[in-house]
Amino acid sequence: MSNLKTSHPVIQVSGIRKTYGRTVAVDEVSFEVNDGEIFGLIGPNGAGKTTTMECVEGIRKPDRGTISVLGLDPFRQVYKLQERIGVQLQQAQLQKRIKVWEAVDLWASLYRKKSVDGERLLEQLGLIDKRDAWFMNLSGGQKQRLFIALALINDPEVVFLDELTTGLDPQARRAIWELVRGIRERGKTVFLTTHLMEEAERLCDRVAIIEHGRIIDIDTPQRLVARHCPERTVVLDTDDASAEERFRAIPRVESVVRSDLQFTIRGQGDDLVTEVIHCLSENRIRVTDFRMIVPSLEDVFLKLTGHSIRD
Ligand SMILES: Nc1ncnc2c1ncn2[C@@H]1O[C@H](COP(=O)(O)OP(=O)(O)OP(=O)(O)O)[C@@H](O)[C@H]1O
Ligand SMILES: [Mg+2]
């Protein structure tokens, strides 16, 4: 994991704002992305993710605020920067009849510096069998993998991935996550956007939650959950008559709901589970089922914004 390294920021964004006419797409956005981490910008449709990312890539110019990427000003030094970053755009398309290997060759030719071995890249991304296939004959997942390959062709130090798994099935999505972890393992920094909370939770070292163009909070997924959703729930089955009373006596327990033989025990903090287990063993309460419900990033989002990310 990146936080084991001595990390320094490769991206610094400070107080940027971007408007389109009367729409304020991004407002007072500040964050840093550290060397070697997978950083995710997460938020619902229209939150300002792509706008923010495109400002960082130097494709758009913020109305105000400052951005530094690898020590460069992305807007003024965009050509210098392009040599050192890889970009996968949200709405990318290629000519229908361009072949996979041709696309890779074409992309490689766009850079002054020597590119990585295209054949090897296709192999790493599971596309070697498709090297002679036309773009239009690739599946959605294969197209996404090709776009990731194109973003990696110049051996970039920072890779930008905008909504990389949108529209893919769970299996293809997992394969892409593995690819992205592989990019991090090769020492690169990944900056991605997603509106899939599960993706952010499983893939990102740190995430920034953005809504209506503003960042609400930034941290590791675990710390965000611990900070905003400290409640824990244990659900268990027992036919022990004394159980309910015992559960209510546990100090951290806030509520015990019973339905037939099933008990739902709620309380705050990580110790709740240990205390429930302790109570069971101390009172020799026999259980036939036991599980925990641990909040996720989805719950954090709900708590912070008052609505689900899909609303
Ligand atoms: N070129 C543009 N002209 C006018 N308005 C725009 C433009 N691009 C984006 N917007 C608006 O700015 C806001 C932020 O859009 P943006 O594309 O950054 O959101 P997003 O978080 O990437 O959304 P999604 O999850 O749908 O990709 C939206 O209200 C959008 O309608
Ligand atoms: Mg977007």
Side-chain angles (χ1 to χ4, degrees), residues 11-33 38-67 69 74-75 78 85-94 140-141 143-148 150-151 158-170 172-173 176-177 180 190-204 206-219 221 224 296-298 300-302 304-311:
I11 298 174
Q12 289 171 296
V13 174
S14 176
I16 62 162
R17 178 183 167 94
K18 177 77 187 171
T19 52
Y20 300 109
R22 290 171 63 191
T23 307
V24 182
V26 169
D27 200 12
E28 273 305 313
V29 161
S30 303
F31 61 91
E32 291 185 344
V33 179
I38 301 177
F39 183 89
L41 194 55
I42 63 177
N45 290 139
K49 302 181 296 297
T50 297
T51 302
T52 302
M53 184 174 263
E54 290 183 347
C55 287
V56 176
E57 294 163 350
I59 297 171
R60 289 182 193 276
K61 190 180 188 304
D63 306 340
R64 60 165 185 255
T66 57
I67 306 176
V69 182
F75 200 74
V78 66
I85 64 172
V87 173
Q88 177 242 337
L89 299 170
Q90 184 174 359
Q91 303 281 340
Q93 277 300 331
L94 288 176
K143 283 181 184 160
Q144 294 287 55
R145 279 185 272 154
L146 175 58
F147 288 126
I148 296 178
L150 299 180
V158 186
V159 184
F160 294 88
L161 305 167
D162 196 359
E163 303 269 350
L164 81 157
T165 68
T166 299
L168 299 188
D169 67 31
R173 188 168 286 152
I176 302 269
W177 293 348
V180 176
V190 179
F191 180 21
L192 61 85
T193 75
T194 181
H195 58 260
L196 303 170
M197 292 289 168
E198 192 200 352
E199 178 161 287
E201 193 152 14
R202 286 168 183 252
L203 193 56
C204 297
R206 290 191 312 129
V207 298
I209 300 177
I210 184 168
E211 195 195 36
H212 302 311
R214 286 177 173 267
I215 288 185
I216 313 176
D217 204 354
I218 305 180
D219 216 327
L224 286 171
S296 65
L297 216 47
E298 188 99 45
V300 172
F301 191 83
L302 190 64
L304 289 177
T305 66
H307 61 83
S308 153
I309 194 156
R310 284 181 287 269
D311 288 352

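The residues of the chain are indexed from 1 along the displayed sequence. In this text, all values refer to a predicted model and were calculated from it rather than measured experimentally. For ligands, and for the atoms within them, numbers begin at 1 and follow the listed sequence.
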(Q) Given I210, N45, T193, identify the one with the heavy atom nearest to atom 24 (P) of ligand 1. (A) N45

Q: Compute the shortest N/O to N/O distance between K49 and ligand 1 and return yes if it is under 3.5 Å, no if not.
A: yes

Q.
How far is atom 23 (O) of ligand 1 from the closest protein heavy atom, and which atom is that?
A. G46 N, 2.7 Å

Q: For G43 and ligand 1, answer yes if some heavy atom of the residue is under 4.0 Å from a ligand atom, otherwise no.
A: no

Q: Could you tell me the residue and atom name of the protein heavy atom closest to atom 11 (C) of ligand 1, and the distance to it rounded to 0.1 Å?
A: Y20 CD1, 3.8 Å

**Q.** Proximal ligand 1 atoms for A47, defined as those under 4.0 Å from one of its heavy atoms
**A.** 19 (O), 20 (P), 21 (O)

Q | Per-atom contacts of ligand 1 with P44, taking only distances under 4.0 Å to non-hydrogen atoms | A | 21 (O), 25 (O)

Q) Hey, what do you get for CG (L164) to CZ (F147), rounding to the nearest 0.5 Å? A) 12.5 Å

Q: Output yes when the distance from some N or O of ligand 1 to some N or O of A25 is under 3.5 Å, and no in every other case.
A: no

Q.
Regarding atom 22 (O) of ligand 1: of the candidates T50, T166, T51, which has the closest heavy atom?
A. T50

Q | Residues forming a side-chain hydrogen bond (donor to acceptor under 3.5 Å, both in side chains) with T50, sequence neighbours excluded | A | Q90, D162

**Q.** Is_contact(atom 30 (C) of ligand 1), protein non-hydrogen, under 4.0 Å
**A.** no

Q.
With the threshold set strictly below 4.0 angstrom, can you tell me whether any protein non-hydrogen atom sits that near atom 8 (N) of ligand 1?
A. yes

Q) Which of these passes side-chain contact (heavy atoms from CB on, under 4.5 Å) with V69: V78, V56, V33? A) V56

Q | Contacts of the Mg ion (ligand 2) with protein N/O/S atoms, counting only those under 2.8 Å | A | T50 OG1, Q90 OE1

**Q.** I11 and F191, any side-chain heavy atoms less than 4.5 Å apart
**A.** yes

Q: Looking only at protein heavy atoms, identify the closest one to atom 19 (O) of ligand 1 and say how far it is in Å.
A: G48 N, 3.3 Å

